Asks: 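Below is the structure I would like to discuss, written out as structure tokens.
Since the structure is predicted, the reported quantities are computational estimates derived from the model, not experimental observations.
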Amino acid sequence: MDKLESDRSIVDTIITRISENEEVSRSEARRMLHKYVCEGKCRWYKTKSKEAGFDRTDLTKRQRKLVGDIIKQIMKDSEIDDAKWRIHNVICPGHPRPRPKRTYN
């Protein structure tokens with residue numbers, strides 16, 4: 001399994017967990033995940049988000065914490081910024097955002 005396939009599987013698991021925890025459809029869970037990982041830097045967000053009714057800032061604090069906690073549990077070997085970047089590449093393909101700079105302790 002290549003890295004992208006692995007990331008797709010991870011994203012699918014995250015979406016399932018959000019859907020179960022929030023008791024929402026997978027589509028709504030995917031949208032919540034996208035809102036969490038989106039930083040407004042991709043071309044799609046800059047050009048089409050308004051017409052799609054996509055406001056990345058409208059997640060509640062509780063939803064933001066839940067999604068973040070699920071990502072941290074499932075992607076425990078990744079820093080959160082790198083995890084968000086990897087998830088975004090799966091959810092919003094063709095609309096890249098800059099890869100986060102790596103920080104080393």
Side-chain angles (χ1 to χ4, degrees):
M1 182 182 306
D2 70 10
K3 187 74 166 159
L4 185 57
E5 266 185 69
S6 174
D7 284 352
R8 283 186 184 126
S9 177
I10 289 167
V11 169
D12 187 56
T13 301
I14 292 168
I15 290 170
T16 298
R17 187 95 51 94
I18 293 168
S19 176
E20 291 169 352
N21 277 276
E22 286 294 291
E23 297 179 345
V24 298
S25 68
R26 287 184 52 80
S27 175
E28 182 58 27
R30 182 184 184 283
R31 193 169 175 88
M32 288 173 65
L33 179 58
H34 191 184
K35 287 179 179 184
Y36 182 84
V37 302
C38 186
E39 294 180 349
K41 296 177 182 175
C42 68
R43 287 186 298 251
W44 179 87
Y45 189 83
K46 291 176 181 176
T47 61
K48 301 193 188 240
S49 63
K50 285 185 183 172
E51 68 189 56
F54 184 89
D55 180 359
R56 67 187 177 85
T57 64
D58 71 358
L59 285 180
T60 66
K61 284 184 183 181
R62 185 190 62 73
Q63 289 171 324
R64 195 165 284 286
K65 180 173 177 5
L66 172 82
V67 173
D69 288 348
I70 290 170
I71 291 170
K72 289 173 190 170
Q73 289 167 7
I74 293 172
M75 299 180 79
K76 55 185 156 249
D77 294 335
S78 294
E79 290 185 29
I80 193 67
D81 287 337
D82 192 51
K84 286 179 171 183
W85 180 81
R86 288 170 54 197
I87 292 165
H88 190 273
N89 285 343
V90 171
I91 289 180
C92 205
H95 300 283
R97 61 179 245 197
R99 185 171 192 141
K101 295 195 182 341
R102 297 205 178 233
T103 56
Y104 299 95
N105 296 337

Asks: From the options V11, L66, I10, I80, select the one residue that forms a side chain to side chain contact (heavy atoms under 4.5 Å, CB included) with I71.
Replies: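 It is I80; the other options fail the test.
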Asks: Atom CD1 in I15, atom CD1 in I91: separation rounded to 0.5 Å?
Replies: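 The CD1 atom of I15 sits 5.0 Å away from the CD1 atom of I91.
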Asks: Could you go through K48 and F54, starting from their C-alpha distance and side-chain angles, then the distance that decides it, and tell me whether this counts as side chain to side chain contact (heavy atoms under 4.5 Å, CB included)?
Replies: CA-CA 9 Å; K48 301 193 188 240; F54 184 89; over 6 Å; no
Asks: Would R8 and D12 count as a salt bridge (Lys or Arg N to Asp or Glu O under 4.0 Å) if you check the C-alpha gap in whole Å, the side-chain angles of each, and the deciding distance to 0.1 Å?
Replies: CA-CA 6 Å; R8 283 186 184 126; D12 187 56; over 6 Å; no
Asks: Show your reasoning for whether side chain to side chain contact (heavy atoms under 4.5 Å, CB included) applies to L33 and I18.
Replies: CA-CA 8 Å; L33 179 58; I18 293 168; 3.9 Å; yes
Asks: Main chain of E5, side chain of S9: is a donor-acceptor contact present, judged purely on distance under 3.5 Å?
Replies: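 Checking the backbone N and O of E5 against the side chain of S9, no donor-acceptor pair under 3.5 Å is found.
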Asks: Would a 4.5 Å heavy-atom cut-off, applied to side chains only, mark I87 and M75 as touching?
Replies: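 The answer is yes; the side chains approach within 4.5 Å.
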Asks: For E79 and R86, run salt bridge (Lys or Arg N to Asp or Glu O under 4.0 Å): C-alpha distance rounded to whole Å, both residues' side-chain angles, the deciding distance at 0.1 Å, then the answer.
Replies: CA-CA 11 Å; E79 290 185 29; R86 288 170 54 197; over 6 Å; no
Asks: Rounded to the nearest 0.5 Å, what separates atom CG in N89 from atom CG in D7?
Replies: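 Going from CG on N89 over to CG on D7, the span is 8.0 Å.
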Asks: Output yes when a side-chain donor or acceptor of R26 lies under 3.5 Å from a complementary backbone atom of S19, and no otherwise.
Replies: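 Flag not set: sc R26 to bb S19 has no pair under 3.5 Å.
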Asks: Measure the CD1-CE distance between I14 and M32 for me, rounded to the nearest 0.5 Å.
Replies: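 Spacing of CD1 (I14) from CE (M32) equals 13.0 Å.
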Asks: Is there a side-chain contact between E22 and E28 in this structure, where contact means two heavy atoms from C-beta onward sitting under 4.5 Å apart?
Replies: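 Contact flag for E22/E28 side chains = no.
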Asks: Out of curiosity, S49 OG to K35 NZ, how far, rounded to the nearest 0.5 Å?
Replies: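 That separation rounds to 10.5 Å.
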Asks: As an exercise, state the distance from CG of D77 to CG of D82, rounded to the nearest 0.5 Å.
Replies: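 It is 11.0 Å, given to the nearest 0.5 Å.
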Asks: Please report the C-alpha distance between K84 and Y36 in whole Å, then the side-chain angles of each, then the deciding distance to 0.1 Å, and finally whether the side chain to side chain contact (heavy atoms under 4.5 Å, CB included) criterion is met.
Replies: CA-CA 8 Å; K84 286 179 171 183; Y36 182 84; 3.4 Å; yes
Asks: Checking R17 against Q73 for the side chain to side chain contact (heavy atoms under 4.5 Å, CB included) test, could you report, in this order, the C-alpha distance in whole Å, the side-chain angles of both residues, the deciding distance, and whether it holds?
Replies: CA-CA 11 Å; R17 187 95 51 94; Q73 289 167 7; 3.0 Å; yes
